[in-house]
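Throughout, protein chains are lettered first and strands after them, A, B, ... in sequence-line order, and every chain is numbered starting at 1.
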There are 2 protein chains.
Amino acid sequence: MNEKEKALIEAKANILKALGHPTRLWMAERLADGEKCVCELAENIDADVSTISKHLTILKQAGVVIDEKRGKQVYYRLKVPCILKYMPCIEEVLQANLQTHIDLMKE
Amino acid sequence: MNEKEKALIEAKANILKALGHPTRLWMAERLADGEKCVCELAENIDADVSTISKHLTILKQAGVVIDEKRGKQVYYRLKVPCILKYMPCIEEVLQANLQTHIDLMKE
DNA sequence: TTTACGCATGGTCATTTAGTCAAATAAACA
DNA sequence: TGTTTATTTGACTAAATGACCATGCGTAAA
């Protein structure tokens, strides 16, 4: 693996890592139907606003979302919408994992 | 967010998290063209075999890969192949990030 | 021009992660 | 049987992560 390949794989892994946290994944999914301000995203999460804000910063740095300040509020939206197209496959993995458990029980 | 939704989002995030490490993502991509033993996967990675083995355990626990022992060797393969179908979108994010940098330079 | 609001940032702490080395296990071979 | 090979596991350490609280900062309303 040369330097270029290494840099590419690190960049890709970083995006997946950004989505690999329940709070961040949940917020990304929330943004599927349009932009939301931090206060809206914070409504359904049991965590300090500062925590939410830091998670949003991570998503932003990974390039998953972009932000825009309007008045007192900051609005976030998905930068590349296809980011959520993956979820059916993720759910397929969950299904497969479940099946494995069932198979193990049968033995 | 109720308990059920919470559990689901955690399970999904866990899969993304498993792929969110350069070494693990690289190995998963390697497995796209068929199963490989640990020694084959270790060939191109500059890390202790025990480290590789631990990363494979994480991928296995997330349900991304399955393993099978044959003789002295343990072979790993992708459990749900669609897991790599996401990469074009991830690369699209990288492109978009790059474009953002270029735009910033222009200002 | 105070006051209140919405959000980001810095400090701190507990937990998790990723790595290494040494040792254990299990299969194949001499 | 004893040895080598392939892989996993345990002990340990350094670094990263995620959470909270307190504080700062810009904007809008009073």
Side-chain angles (χ1 to χ4, degrees), chain A residues 1 6-7 9-28 30-31 34-77 79, chain B residues 1 6-7 9-28 30-31 34-77 79:
Chain A
M1 189 159 39
K6 206 171 163 184
I9 207 88
E10 277 173 8
K12 292 197 284 184
N14 194 48
I15 295 167
L16 290 163
K17 188 179 171 185
L19 289 167
H21 184 286
T23 301
R24 294 195 292 264
L25 182 58
W26 187 84
M27 293 195 294
R30 290 282 95 194
L31 296 178
E35 63 171 23
K36 303 234 179 314
C37 66
V38 178
C39 53
E40 287 173 298
L41 289 168
E43 268 173 19
N44 300 284
I45 302 176
D46 182 29
D48 200 279
V49 189
S50 69
T51 303
I52 312 259
S53 176
K54 280 177 185 171
H55 280 307
L56 284 166
T57 301
I58 291 168
L59 285 174
K60 186 175 147 190
Q61 281 173 349
V64 174
V65 301
I66 47 180
D67 64 337
E68 188 184 335
K69 182 157 191 169
R70 291 206 299 277
K72 273 193 294 186
Q73 288 153 20
V74 178
Y75 288 86
Y76 282 85
R77 62 173 177 277
K79 193 170 172 187
Chain B
M1 187 160 40
K6 205 171 162 184
I9 207 87
E10 276 171 9
K12 290 198 284 184
N14 194 48
I15 294 166
L16 290 164
K17 188 178 171 185
L19 289 168
H21 184 286
T23 301
R24 294 195 292 263
L25 182 58
W26 187 84
M27 293 195 294
R30 290 282 93 195
L31 296 179
E35 63 171 22
K36 303 235 180 311
C37 67
V38 178
C39 52
E40 286 174 300
L41 289 168
E43 268 171 21
N44 300 284
I45 302 176
D46 181 28
D48 201 279
V49 189
S50 68
T51 303
I52 313 262
S53 177
K54 280 176 185 172
H55 280 306
L56 285 166
T57 302
I58 291 168
L59 284 174
K60 185 175 147 190
Q61 280 173 350
V64 174
V65 301
I66 47 179
D67 63 338
E68 188 185 334
K69 182 157 191 171
R70 291 207 298 278
K72 274 192 293 185
Q73 289 153 19
V74 179
Y75 289 85
Y76 282 84
R77 61 173 178 277
K79 193 169 173 187

Within a strict 4.5 Å, meaning less than it, do heavy atoms of the Tyr76(A) and Leu31(A) side chains meet? yes

N or O in side chain of Arg24(B) less than 4.0 angstrom from dA18(C) OP1/OP2: yes

Residue Ser53(B), side-chain heavy atoms: nucleotide from dT8(D), dT27(D), dG10(C) that is nearest: dT8(D)

Return yes if some donor-acceptor pair links the side-chain N/O of Glu40(B) with the main-chain N/O of Cys37(B) below 3.5 Å, else return no. yes

So Val38(A), base contact, sugar-phosphate only, or nothing? Heavy-atom distance under 4.0 Å. sugar-phosphate

Verify the contact: side-chain N or O of Thr51(A) to OP1 or OP2 of dC20(D), cut-off strictly under 4.0 Å; return yes or no. yes

Looking at Val65(A), Asn44(A), Leu41(A), Leu19(A), which hits side-chain contact (heavy atoms from CB on, under 4.5 Å) with Met27(A)? Leu41(A)

Starting at CD of Glu35(A) and ending at P of dC7(C), how long is that distance when rounded to a whole Å? 12 Å

Taking atom P of dA19(D) as reference, at what distance in whole Å does atom CG of Leu56(A) sit? 12 Å

Take the protein atom CD of Glu43(B) and the nucleotide atom P of dA6(D), then report the distance between them rounded to whole Å. 11 Å

Using side-chain heavy atoms (C-beta onward) and a distance below 4.5 Å, is Val64(B) in contact with Lys79(B)? no

Record whether the side chain of Lys69(A) comes under 3.5 Å of the base of dG6(C) through a donor-acceptor pair of N or O atoms. no

Aromatic Trp26(A) / basic Arg24(A) pairing, under 6.0 angstrom, 45° off normal: no

Phosphate OP1/OP2 of dT17(D): any Lys17(A) side-chain N/O under 4.0 Å: yes

Figure out the CG/P separation between Asp67(B) and dA27(C), and round it to whole Å. 14 Å

Please determine whether a side-chain nitrogen or oxygen atom of Tyr76(B) lies at a distance below 4.0 Å from atom OP1 or OP2 of dT8(D). yes

What integer distance in Å separates Glu40(A):CD from dC5(C):C1'? 15 Å

Comparing nearest nucleotides in DNA chain C, the 5'-proximal residue of the pair Gln73(A), Asp48(A) is Gln73(A)

Check whether any side-chain N or O of His21(B) sits under 4.0 Å from OP1 or OP2 of dG19(C), and answer yes or no. yes

Of the listed dT5(D), dC7(C), dT20(C), the closest approach to the Ala47(B) side chain comes from dT20(C)

Write down the distance between CG (Leu59(B)) and P (dA18(C)), rounded to a whole number of angstrom. 11 Å

Can you find an N or O donor on one side and an acceptor on the other, under 3.5 Å apart, linking the side chain of Ser50(A) with the base of dC7(C)? no

Students often get this wrong, so: under 4.0 angstrom with heavy atoms, is Tyr75(A) touching a base, only sugar-phosphate, or nothing? nothing

Looking at dG6(C), does its base get a donor-acceptor pair with the side chain of Lys36(A) below 3.5 Å? no

Measure the distance from CD1 on Ile52(A) to C1' on dC21(D) and round it to the nearest whole Å. 15 Å

Between atom NZ in Lys60(A) and atom P in dT9(C), what is the gap in whole Å? 7 Å

If you take all heavy atoms of Lys6(B) and Ile9(B), which pair is closest and at what distance? O-CG2, 3.2 Å

Would you say His55(A) places a side-chain N or O within less than 4.0 Å of OP1 or OP2 belonging to dA19(D)? yes

